[in-house]
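Reviewing the structure listed below.
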Amino acid sequence: MPVYTLKDLKSQTEWEVICSYDELQTILNEQPDVKQVIKPPKLVSSRMGNSDVKTPDGFKDLQKRIKQGSGRGNTINV
């Protein structure tokens, strides 16, 4: 479900709600002092593009076991 930011116009407080669009419309219709605030989406970043991140040894061991059990003609590079 999407996250919406709402603002109480009287107290100027903002909060986030997780709900469907229909539920958001119900909230906005029932509370005339509450308005939706349009904000850019939150981004999640990752360090996977950095060269200092290494593959854990446990994952490499798992790849070797998969290669051993995959039969002849496998193309898995370990």
Side-chain angles (χ1 to χ4, degrees):
M1 289 216 191
V3 177
Y4 298 102
T5 304
L6 301 179
K7 182 176 186 176
D8 186 348
L9 298 177
K10 289 182 180 178
S11 64
Q12 297 297 312
T13 57
E14 290 187 5
W15 68 95
E16 293 181 342
V17 293
I18 301 172
C19 63
S20 68
Y21 182 77
D22 293 333
E23 291 171 335
L24 173 67
Q25 296 307 312
T26 302
I27 293 169
L28 295 175
N29 289 336
E30 290 177 355
Q31 301 176 15
D33 293 333
V34 174
K35 298 295 180 192
Q36 181 181 4
V37 179
I38 306 298
K39 290 190 172 185
K42 295 180 182 177
L43 300 176
V44 177
S45 63
S46 173
R47 294 184 44 162
M48 292 306 291
N50 293 348
S51 60
D52 62 342
V53 177
K54 296 182 180 179
T55 305
D57 290 333
F59 183 69
K60 291 179 184 178
D61 293 339
L62 176 62
Q63 284 181 320
K64 289 177 186 175
R65 284 188 290 156
I66 292 172
K67 182 175 177 107
Q68 288 174 353
S70 63
R72 274 198 283 170
N74 64 46
T75 58
I76 300 172
N77 295 326
V78 181

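Keep in mind the model is a prediction, meaning the values are calculated, not measured.
- By the criterion of side-chain heavy atoms lying less than 4.5 angstrom apart, applied directly or through intervening Ile, Leu, Val, Met, Phe, Trp or Tyr residues, Leu24 is not grouped with Ile38; the two fall into different hydrophobic clusters.
- Electrostatic pairing of Lys39 and Glu14 counts as a salt bridge here, judged by a charged N lying under 4.0 Å from a carboxylate O.
- Annotation: salt bridge (Lys or Arg N to Asp or Glu O under 4.0 Å) contacts involving residues 19-34, sequence neighbours excluded, comprise Lys10-Asp33.
- Hydrophobic clustering (side-chain heavy atoms under 4.5 Å, transitive across Ile, Leu, Val, Met, Phe, Trp, Tyr) groups Val17 together with Tyr21.
- With rounding to the nearest 0.5 Å, the separation of CD in Gln31 from OG1 in Thr26 is 11.0 Å.
- Tyr4 and Ile18 end up in different hydrophobic clusters when Ile, Leu, Val, Met, Phe, Trp and Tyr side chains are linked at under 4.5 Å.
- Hydrophobic clustering, with ILVMFWY side chains joined whenever heavy atoms are under 4.5 angstrom apart, keeps Val37 apart from Ile27.
- By the 4.5 Å heavy-atom criterion applied to side chains, Gln36 and Leu6 are counted as neighbours.
- At least one donor-acceptor pair closer than 3.5 Å links the side chain of Gln12 to the backbone N or O of Leu9.
- Taking every heavy atom of both residues into account, Trp15 and Lys7 meet most closely at CZ3-C, 4.1 Å.
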